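First comes the structure, then the notes that go with it.
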Amino acid sequence: MFADIPTADATVQLDTGFAALGLSEPVLKALVEKGYTTPTPIQEQAIPIVLMGRDVLGCAQTGTGKTAGFTLPMLDILSGSRARARMPRSLILEPTRELALQVAENFVQYGKHLKLTHALLIGGESMSEQKEVLTRGVDVLIATPGRLIDIFERGGLLLSDVRVLVIDEADRMLDMGFIPDVERIVAMLPPLRQTLFFSATMAPEIKRLADAFLSNPKEISVSKPASVATTITEGLALVATHDKREALRRLVRTEDVQNALIFCNRKRDVDILYKSLTRHKFSAGALHGDMPQSARFATLEKFKAGEIRLLVCSDVAARGIDIGGLSHVFNFDVPHHAEDYVHRIGRTGRAGLEGRALTLATPEDRLAVEAIQKLTGHAIPPLAVEGLDPVDWAEVDSRGRRRSRGGKGASPPRAEKASKSAAPRRVEAAVQPAVDEMQLKATRQDPRRSSERMRGDRRTDTAREPRRDREMRGLENRDSVIGFGADIPAFMQIRRRTAVVRMETPSRNEGGDHNDGTEIAA
DNA sequence: AAAAAAT
């Protein structure tokens, strides 16, 4: 322990890269004890600015060290004085309960040598307990929007003393329809305050919010440095609907799965698949938004600790939580929104190591797969499941009905039988989200709540392929797609040469091609 | 057609 180290050495010990950023001794001490000595680029840039009291507009995603980038300086800002009852001095808004909990854990860890208090205001847990903590006075309030507004309206909270506001993951807030809530909350805060605003992307709607909330902000933009760029190998297994669970089990057995998220589209299917996997003796857990909060946190902890190897989940885990270092992501269901595919598979790919993102698709999923491929700009390489016959998509129409065979436009004869060991194509860092989300947001700038959006025009712009039927028949250019013989579905061939995409960090200032992964635009 | 977040 640190306490055992002689004082002279302790001074040397504390003299890490963080000390140069102006953090106080108690915070540095906590960092050393956690074993952190070198700040990440965003920490290096953000910490001095936050300590200065300036507003920050941060373009950064999870995994960049963003959370410590604002918690560390906030601890120092707040450590000067004490909070009064029901009047928190800082507020951190998070889109999901899991992220809120993670931030709270950060505060506890880094603030262990300071006498600061925090409250975690999230749904699904007893409100009376949270109110009690508030009454005692808290320095840091970490909250999801719904519960915060609820408690505020019940009079359990005064926000007039909030000096520092953090809006984290603003783009996720937008996706989840929280922006009206966030605007309401910000309106309750004193106008004279420091605001830190973070988002993985800066879509126009996000930019509009930032302009409204921030005054003269310092813009900070970072992405993961190229050296830790991950490699994600994608694969698409075409299976019959009744074979899906069997196919998944076979893939899990044949792949070198360390730990994996398995995504389903529906919560009830999460439950069903979880039970099925457990029956088949797999180490599995389940996670979706209808589960009790305690179970959500407990399962997540077990999964992170390696006690559970497979986590069956809904899209709550696609964006709402931060789990690093996955060897695999499985899409048990093809996501209905192409953007969700990118978010899901972006969960795999460990720093410098290979991650595999494998999707099970049935004939009914064809349109959804086409939409994904249109969005990512490359075909997902086909993957054969050992011991299962691949489904021939050419014989099924988009709604999964069998086409009549032997007629005029019948499929060409098969040249070869499917190979059993098709290897998925390697995709270099196909999902560095900083870039992909930029593309995504371009298609999603509608400020309305997602439920409204759904009913509106969004559905009509899903990839529609008028030439589809023609292309399903006579196919050209059927080189090197393993596992399909001559019957390669047309959509698998679109722009295949773009399948290898080397991701570059987008530069804030157009034309600036100097980019080492860290960059400040003033 | 579904998921998240407030009850």
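Within every chain, numbering begins at 1; the chains are lettered A, B, ... in the order of the sequence lines, protein sequences first and strands thereafter. Everything numeric in this text was worked out from a predicted model, so none of it was measured.
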To the nearest Å, how far apart are A:Leu121 CG and B:dA5 P? 15 Å
Atom-to-atom span, CG of A:Leu120 to P of B:dA5 - whole angstrom: 13 Å
A:Glu339 CD - B:dA3 P separation (whole Å): 16 Å
Whether A:Arg147 contacts B:dA6 is assessed here as follows: a side-chain N or O lying under 4.0 Å from the phosphate OP1 or OP2. Is that the case? no
Report which part of the nucleic acid A:Arg268 touches: base, sugar-phosphate, or nothing (heavy-atom distance under 4.0 Å, all strands). nothing
For the backbone of A:Ile151 and the side chain of A:Lys131, can you confirm whether one donor and one acceptor N or O come within less than 3.5 Å of each other? no
Would you confirm whether A:Thr278, through its side chain, and A:Tyr274, through its main-chain N or O, come within 3.5 Å as a donor-acceptor pair? yes
Between the base of B:dA1 and the side chain of A:His337, is one N or O donor paired with an acceptor at under 3.5 angstrom? yes
So A:Pro335, base contact, sugar-phosphate only, or nothing? Heavy-atom distance under 4.0 Å. nothing
Spacing of A:His336 atom NE2 relative to B:dA2 atom P, expressed in whole Å: 8 Å
N/O (side chain, A:Thr96) to phosphate O (OP1/OP2, B:dA5) under 4.0 Å: no
Atom CG of A:Asp271 and atom C1' of B:dA2 are separated, to the nearest Å, by 15 Å
Is the number of heavy atoms from other residues, nucleotides or ligands under 6.0 Å of A:Arg193 CZ greater than 12? yes
Heavy-atom count around A:Glu129 CD within 6.0 Å, excluding the residue itself: above 12? no
With a 4.0 Å cutoff (strictly under), does any side-chain N or O of A:Ser314 reach OP1 or OP2 of B:dA2? no
Output yes when a side-chain donor or acceptor of A:Asp171 lies under 3.5 Å from a complementary backbone atom of A:Met202, and no otherwise. no
Distance, rounded to the nearest Å, where A:Asp150 contributes CG and B:dA5 contributes C1': 11 Å
A:Arg172 side chain N/O closer than 4.0 Å to the phosphate oxygens (OP1, OP2) of B:dA3? no
Residue met sooner reading DNA chain B from 5', once A:Ile149 and A:Asn265 are mapped to nucleotides: A:Asn265
Separation of atom CG in A:Asp315 from atom C1' in B:dA5, rounded to whole Å: 15 Å
Is any side-chain nitrogen or oxygen of A:Arg154 closer than 4.0 Å to OP1 or OP2 of B:dT7? no
To the nearest Å, give me how far apart CD1 (A:Ile179) and P (B:dA4) are. 19 Å
